[in-house]
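The analysis underlying the following values was restricted to heavy atoms, covering all of them including side chains, and did not include hydrogens, waters or symmetry mates. Chain A is the first sequence line, chain B the second, and so forth, proteins listed ahead of strands; every chain is numbered from 1.
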2 protein chains.
Amino acid sequence: MDSRFTNPAAPPWLPFESRRRARDEKREAVLRTAVQLFLEQGYHRVTLNEVAERLNITKPALYNYFRGKDEILFECWSMGAELVDSVIAEIDAGGGSGIVKLRKLVHAYAEVMAIDFGASIVRFDVRDLTNRNARIARAAKKRIDATFRAYITAGIADGSIKRCDAKLAAFAIAGSLNWIGHWYQRDGALSPGEIADEFTVRLTEGLAAKPAQGHTTTKTAPVARTATREARRKATGKKRGGASR
Amino acid sequence: MDSRFTNPAAPPWLPFESRRRARDEKREAVLRTAVQLFLEQGYHRVTLNEVAERLNITKPALYNYFRGKDEILFECWSMGAELVDSVIAEIDAGGGSGIVKLRKLVHAYAEVMAIDFGASIVRFDVRDLTNRNARIARAAKKRIDATFRAYITAGIADGSIKRCDAKLAAFAIAGSLNWIGHWYQRDGALSPGEIADEFTVRLTEGLAAKPAQGHTTTKTAPVARTATREARRKATGKKRGGASR
DNA sequence: GCGATATGTTACCCGTGGGTAATAAAAAGT
DNA sequence: ACTTTTTATTACCCACGGGTAACATATCGC
């Protein structure tokens, strides 16, 4: 079997092979490679030469797809943010009490942390981004935190969650989940599913008004990329933010 | 009142003032300044010139106290690790069931995360250290994690904590606490004490076998620097690790 | 007071790595 | 088949910042 299909980050530029794949595929291939390297070694220790080398191209070729290193970082980050956004959108679309929504969020968020792009949300340093992009990133993080808080507040209101400081409870839960992004590794003993299941009960058992009503088999559909990205992709190659940098 | 006494990181090199303070005081002043800058801007964005400037000296002067930037980083990290070590030592010295020890640890650890040196344990990237120091750092982190796990295991054994996966429970709790180091800020709405109190109940209420026996007023003495550092300080200026770098 | 040691300073080196021409070679359009 | 556009390459620039050498000046033991 061709390793290009088994290796998640295999580059479409295999030497001496047809290079006629679509631009977007290549762009994403860059991001997949970059996010791996960034997580592995840390943004500052990864050189663009290194990224390019893994893709069987050279550094300047990257500039056909991105305006600079920091934009690659931001796009990786963005991919992760979209994962979370789609998760939240789906939960909001569905119904349920506060505690049910919270449990869904905890479960799905835990799984996102086990994905490279997902982990990048919490492991990348927003200070490495341009001012403009940093603001976007911070706003997104704030929205995510607000969602945790909203579900808890809703749960207290509808009686499914017992009285507590929603702000601190959200911090505690989100912190615990974010930390997964720092210790999880694919080849570890725990699968993303196991981690998500365990964290779902562990992080909410103290909050539930009732001792926990049987197993929460209300699984969210496996995280998938949405189409929201499509639109923005077309804007590539245009000017970068004004007051940034 | 002289700002030197109110500002926590005021340098002892005030211009045109007597510079005859002890070497160790200056060394620590460097660390206090460095840790602040590192947390504020991130290790890679802080230049040694900048550190020196804040201390009213010049870059090469720093090399009288440290062998290089990474050693400064490690020593900052080390200060934090000692805070945790002393906390654990104190708890181990005292008695109590598993849940009591765990609560003490959670409370004290939360407070450590609100201290610059404490936050540095979780916010600095071990990959910025030399191989030798990175090993030391990783080992220390492992010991801390093992302590959380040990208290939980002990609690399950003595019946004060209900059955659960000790490994994942420890990850959940430690993650939540570590995350404090990422969001806490001195000028925020929450005081370290409030955070510690809230986290102590929030993170252990789900684990306790009994619904929580009144307020846990078993406060650990405020975190203080131990004397263990004294010995090592004397070794300064000697050769650095062999296979490192 | 006087040499030895500790602690600074100024001036410099140089490796690193992001970013940019200038240019070649495919792909695509017509 | 030809031009045009896209995509990649080779060769280079240069700012930045960690680290060092050579030198100046306190401080201290005696």
Atom-to-atom span, [atom1] of [X] to [atom2] of [N] - whole angstrom:
X: B:Y65; N: C:dT5; atom1: OH; atom2: C1'; value: 13 Å
X: A:R27; N: D:dT7; atom1: CZ; atom2: C1'; value: 15 Å
X: A:E71; N: C:dG18; atom1: CD; atom2: P; value: 15 Å
X: A:E25; N: D:dT6; atom1: CD; atom2: C1'; value: 17 Å
X: A:D24; N: D:dT6; atom1: CG; atom2: P; value: 14 Å
X: B:R67; N: D:dT20; atom1: CZ; atom2: C1'; value: 14 Å
X: A:K26; N: C:dA26; atom1: NZ; atom2: P; value: 13 Å
X: A:F38; N: C:dG18; atom1: CZ; atom2: P; value: 9 Å

Original post:
Partners of A:D85 by side-chain hydrogen bond (donor to acceptor under 3.5 Å, both in side chains), sequence neighbours excluded?
Top reply: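 Counting only residues at least two positions away or on another chain, A:D85 forms a side-chain hydrogen bond (donor to acceptor under 3.5 Å, both in side chains) with A:R143.
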**OP:** Using side-chain hydrogen bond (donor to acceptor under 3.5 Å, both in side chains) as the criterion, list what pairs up with A:R123, not counting sequence neighbours.
**Re:**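 A:R123 satisfies side-chain hydrogen bond (donor to acceptor under 3.5 Å, both in side chains) with no residue once adjacent residues are dropped.
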Original post:
With under 30° as parallel and over 60° as perpendicular, where do the rings of B:H182 and A:H182 fit, or are they tilted in between?
Top reply: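 If you compare the ring of B:H182 with that of A:H182, the planes turn out tilted.
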Original post:
Where along residues 40-51 of chain A does a heavy atom come under 4.0 Å from DNA chain C, residue by residue in number order?
Top reply: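 Under 4.0 Å from DNA chain C: A:V46, A:T47, A:L48.
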Is there a side-chain polar atom (N or O) of [X] under 4.0 Å from OP1 or OP2 of [N]?
X: B:Y63; N: D:dG19; value: yes
X: A:T58; N: D:dT9; value: yes
X: A:R23; N: D:dT6; value: no

Between [options], which nucleotide gets closest to the side-chain atoms of [X]?
X: A:P60; options: C:dA21, C:dT9, C:dG19; value: C:dA21
X: A:N64; options: C:dG18, D:dT7, C:dT7; value: D:dT7
X: B:D70; options: D:dA8, D:dT9, D:dG19; value: D:dG19

**OP:** Not counting sequence neighbours, which residues clear ring-ring contact (aromatic ring centres under 6.0 Å, His included) with B:Y184? List them please.
**Re:**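 Partners of B:Y184 by the ring-ring contact (aromatic ring centres under 6.0 Å, His included) criterion come out as none, since no residue qualifies.
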Original post:
Does B:F199 have any ring-ring contact (aromatic ring centres under 6.0 Å, His included) partners at least two apart in sequence or in another chain, and if so, which?
Top reply: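 If we apply the ring-ring contact (aromatic ring centres under 6.0 Å, His included) test to B:F199, skipping adjacent residues, there are no hits.
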Subject >> Pairing residues for B:D116 by the salt bridge (charged side-chain N to carboxylate O under 4.0 Å, His left out) criterion, not counting sequence neighbours >> reply: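 If we apply the salt bridge (charged side-chain N to carboxylate O under 4.0 Å, His left out) test to B:D116, skipping adjacent residues, the hits are B:R186.
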**OP:** Report yes or no: is there a donor-acceptor pair, N or O only, under 3.5 Å between the side chain of A:K59 and the base of C:dG18?
**Re:**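 Under the 3.5 Å cut-off, the side chain and the base do form a donor-acceptor pair.
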**OP:** Look at B:K167 together with B:D145 and state whether they make a salt bridge at an N to O cut-off of under 4.0 Å.
**Re:**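 Looking at B:K167 and B:D145, the cut-off is not met.
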